Visitor: 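Before I ask anything, here is the structure I am working with.
Predicted, not measured: the structure shown is a model, and the values here were computed from it.
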Amino acid sequence: MARIPDDAIAEIRSRVDIVQIVGQHVQLRRSGANHKGLCPFHEEKTPSFNVNSERQFYHCFGCNESGDVFSFLMKVEGRRFDEVVEELAARVGVEIQPLDQDQARQAQKRRSEREQGLRLNARVAKFYREILLSERGREAREYLAQRGISDRISEAFLLGFAPDSGLLVQKLRQADVDLVFAERLGLIAQRRGRSFDRFWGRLIFPLLGARGEVLGFGGRILRGDGPKYINTPETPLYRKGEALYGLHLAATAIRQRQQVILVEGNIDVLQLHEHGFDNAVAPMGTALTESQVRLCCRFSNKIIGVFDGDDAGRAAAQRAAQTMLAGGAEPRFASLPDGTDPDSLLCRHGAPFFAEIIDKSLPAVDYLLADYLKEMEDTVPGRARVLERIAPLVGRLDSAVARDLYVDKLSMSLAIDRSVVSRAVKDGQGGPVAVDVRQIEDSELAPYKARLDRYELEPLLIMVEHPRLAPWAEEMDVNSLLTNDELRATYSAAFEMQRETGEVDSAKLLQKTPTAIRSLIAAALMSRRYAADGDPARALEDCLAGLRRRVVEQEFQRVRRAMEQAQQRQDQTSLGQLRTRLTELIDERRRIGVPR
């Protein structure tokens, strides 16, 4: 097997969302800063398998299995490392250059096909764009102007127009493009042995990836019969339910505002960006999926759903709420006036009015409860139906306090006994209540605590978040301040890793950590106590000073006990030596600030 360069592996790991990959094999639920589910590597009834998206590793507190996205796929699918790496590289667009000639040829073929597909999609997007700006595109341009979409937004989103003349097949043939390959990309289709354009007579919405690459297309019919919207089918470049329309332009604004505005349609996205709401995205003609929610959460887990103000929009919001909670988001929903959508509302009333609606958005449970109460039949069966619909959503909430408060609210709103509501919420959880890392440390890790002083972990956590400080910690001989041999081995592994790569990778560190303390190290790493801004060097200095004070104090107490024993034995020689040592320790205690 050819060796795959370390930098390629690191690049793949940085681009892959481990929660999304693991979530294809394990049903995960948000649990504080992590995701939790039943371990795929051993039988269990209570979930103890945790995935940390920030540090890109998994750990099971039941069987001590740890690793990264590569080791997970190798174990759960029984594949070789190189197979997993190549598959993930293709998924996230990372080029790898294996040394084996056969592998190189195969990888080059795959890269070549993907690159050819992206180049062809880009050419087709440019072709449709040129038609939109030409005389042929007058109808589409007039439609955009009528909808209030400016040339600026049209250019930013690379909007185009596909005429109804079958022009694309003709152009592809003239360019000597393989029509079978174009069909694989969803650009054309075959019927009765004849090739024809998939998109014709439609306004074209290219779907762009995170780096601006054209993955596929959507098309809106302008006149005549046919589906209102059609989209590229599943292709080697485009997977339904794994992309969001507008994300390539919205990502920066989402990060800055820490908020996603999720709407239903492409035109809604254009209109929102037109009016300054450039953190808006849409699910590209499909029902919202957990993959799309997790994609949003890579930028912000605060998602505001703005769905059409009709029965279909309310039904979509009800489905989306469950998907958002399952995907780890903190969803809110904005209520639109009956019969309106974001597009029409912005055109009629402008951005300030829409901003007020966003500001008045409600948490998902409150929004849906208000909606359900409006249509509720005031009978026992009617109230029971509302409780059955809302209880699973309350059960999915991370916060135990929020769950208790919603139980009270539901009990009062529905006139149902609190114990009945509480039981319905618990039944709707589909598993145990999610716990945060501190709860993990207090329950699952109790057997380890007696063996390891958790305060000795602090310098390690600082080094993981700020590896540039590792050489200084090593120079200060932090290992001499530790009381646990297994923890010393973990520190040594971290120092070695930093010397070799300049980083301290959490997944690799866990694999090098002795089994006896691995779960405690995993829980500590998940806490990310030192990830926030601040002065990590000062924090590390304070940690080391505290550990050193503890060592000096322990030695001070040991010498005093030894002196008492020497006096009882009347051992003057030992007593003199111990007095000298005690004086040194008193000076040391004064120097490092040990309280008297």
Visitor: L120 vs L172, test: side-chain contact (heavy atoms from CB on, under 4.5 Å). Steps then yes/no.
Guide: CA-CA 10 Å; L120 182 55; L172 294 175; 3.9 Å; yes

Visitor: Is a side-chain donor or acceptor of E44 paired with a backbone partner of C39 at a separation under 3.5 angstrom?
Guide: yes

Visitor: Determine the sole option in V51, V84, V26 for which the side-chain contact (heavy atoms from CB on, under 4.5 Å) test with F72 is passed.
Guide: V26

Visitor: Taking all non-hydrogen atoms of both residues into account, name the closest pair between V263 and P342 and its distance.
Guide: CG1-CG, 3.9 Å

Visitor: So, do L520 and L457 sit near enough that their side-chain heavy atoms are less than 4.5 Å apart?
Guide: yes

Visitor: Is any side-chain heavy atom of S506 closer than 4.5 Å to one of N52?
Guide: no

Visitor: In this structure, are over 12 heavy atoms from other groups packed under 6.0 Å from R91 atom CZ?
Guide: yes

Visitor: When you measure from the side chain of Q292 to the backbone of A243, do you find a donor-acceptor pair of N or O atoms at a distance under 3.5 Å?
Guide: yes

Visitor: Where does the angle between the aromatic ring planes of F41 and Y58 fall among parallel (under 30°), tilted (30 to 60°) and perpendicular (over 60°)?
Guide: tilted

Visitor: With no hydrogens and no angle check, is any side-chain donor or acceptor of S66 less than 3.5 Å from a backbone partner on Q511?
Guide: no

Visitor: Are any side-chain N or O atoms of R202 and backbone N or O atoms of A162, one a donor and one an acceptor, separated by less than 3.5 Å?
Guide: no

Visitor: For the pair R184 (side chain) and P236 (backbone), establish whether a donor and an acceptor sit closer than 3.5 Å, ignoring hydrogens and angles.
Guide: no

Visitor: Would you check if the side chain of D197 reaches a backbone N or O of W200 as a donor-acceptor pair within less than 3.5 Å?
Guide: no

Visitor: If every non-hydrogen atom of V293 is compared with every non-hydrogen atom of A329, which pair is closest and at what distance?
Guide: CG1-CB, 3.8 Å

Visitor: Are any of the side-chain heavy atoms of R173 and L179 separated by less than 4.5 Å?
Guide: yes

Visitor: So which heavy atom on V19 is nearest to which on S53, and how close?
Guide: CG2-CB, 3.5 Å

Visitor: Would you check if L509 and L460 make a side-chain contact, meaning some heavy-atom pair closer than 4.5 Å?
Guide: yes

Visitor: So which heavy atom on F307 is nearest to which on A320, and how close?
Guide: CZ-CB, 3.7 Å

Visitor: Quick check: does any side chain N or O of R220 sit under 3.5 Å from a backbone N or O of L203, one acting as donor and the other as acceptor?
Guide: no

Visitor: Hey, is the main chain of S71 close enough, under 3.5 Å, to the side chain of D68 for a donor-acceptor pair?
Guide: yes

Visitor: With a 4.5 Å limit on heavy-atom distance, are the side chains of N266 and M284 in contact?
Guide: yes

Visitor: Using modelled atom types and a 3.5 Å cut-off, is there a donor and acceptor pairing between side-chain atoms of S300 and backbone atoms of Q258?
Guide: yes

Visitor: Please report the shortest heavy-atom distance between P331 and L325, naming the atom on each side.
Guide: CD-CD2, 3.7 Å

Visitor: Do Q498 and M463 have side-chain heavy atoms sitting under 4.5 Å apart?
Guide: no

Visitor: Can you tell if the side chain of L73 reaches within under 4.5 Å of the side chain of H25, non-hydrogen atoms only?
Guide: yes

Visitor: Closer than 4.0 angstrom, basic N to acidic O: yes or no for D278 and R257?
Guide: yes

Visitor: Indicate the ring-plane relationship of F61 and H59, choosing parallel, tilted or perpendicular according to the 30° and 60° boundaries.
Guide: perpendicular

Visitor: Mind checking the CD-CG spacing from E213 to L215? Nearest 0.5 Å is all I need.
Guide: 5.0 Å

Visitor: Look up atom CG in L288 and atom CD in E264, then write down how far apart they are to the nearest 0.5 Å.
Guide: 10.5 Å

Visitor: Between R499 and E474, is there a side-chain N and carboxylate O pair less than 4.0 Å apart?
Guide: yes

Visitor: Just so I know, are the side chains of I21 and V16 near enough to count as touching, which here means a heavy-atom distance under 4.5 Å?
Guide: yes

Visitor: Rounded to the nearest 0.5 Å, how far apart are CZ of R30 and CE of M324?
Guide: 14.5 Å

Visitor: Apply side-chain contact (heavy atoms from CB on, under 4.5 Å) to the pair V306 and L262, showing each step before the final yes or no.
Guide: CA-CA 6 Å; V306 188; L262 182 76; over 6 Å; no

Visitor: Take a 6.0 Å sphere around CD of Q27 and say whether it holds more than 12 heavy atoms from other residues, nucleotides or ligands.
Guide: no

Visitor: Between R55 and E465, is there a salt bridge with N-O shorter than 4.0 Å?
Guide: yes

Visitor: Can you find a side-chain donor-acceptor pair between S519 and N64 that sits under 3.5 Å?
Guide: yes

Visitor: Shortest non-hydrogen contact from C543 to E458?
Guide: SG-CB, 3.5 Å

Visitor: Quick one: do L295 and D17 satisfy side-chain contact (heavy atoms from CB on, under 4.5 Å)? Show the steps, please.
Guide: CA-CA 8 Å; L295 181 59; D17 181 2; over 6 Å; no

Visitor: Under the side-chain contact (heavy atoms from CB on, under 4.5 Å) rule, what do L207 and V214 come out as? Steps first, then yes or no, please.
Guide: CA-CA 6 Å; L207 175 64; V214 182; over 6 Å; no

Visitor: I need the F205 CZ to L158 CG distance, nearest 0.5 Å.
Guide: 12.5 Å

Visitor: Do R129 and S154 have side-chain N/O donor and acceptor atoms under 3.5 Å apart?
Guide: yes

Visitor: Which distance, rounded to the nearest 0.5 Å, do you find between the OG1 of T232 and the CZ of F199?
Guide: 4.0 Å

Visitor: With rounding to the nearest 0.5 Å, note down the distance linking CG in N121 to OH in Y238.
Guide: 12.0 Å

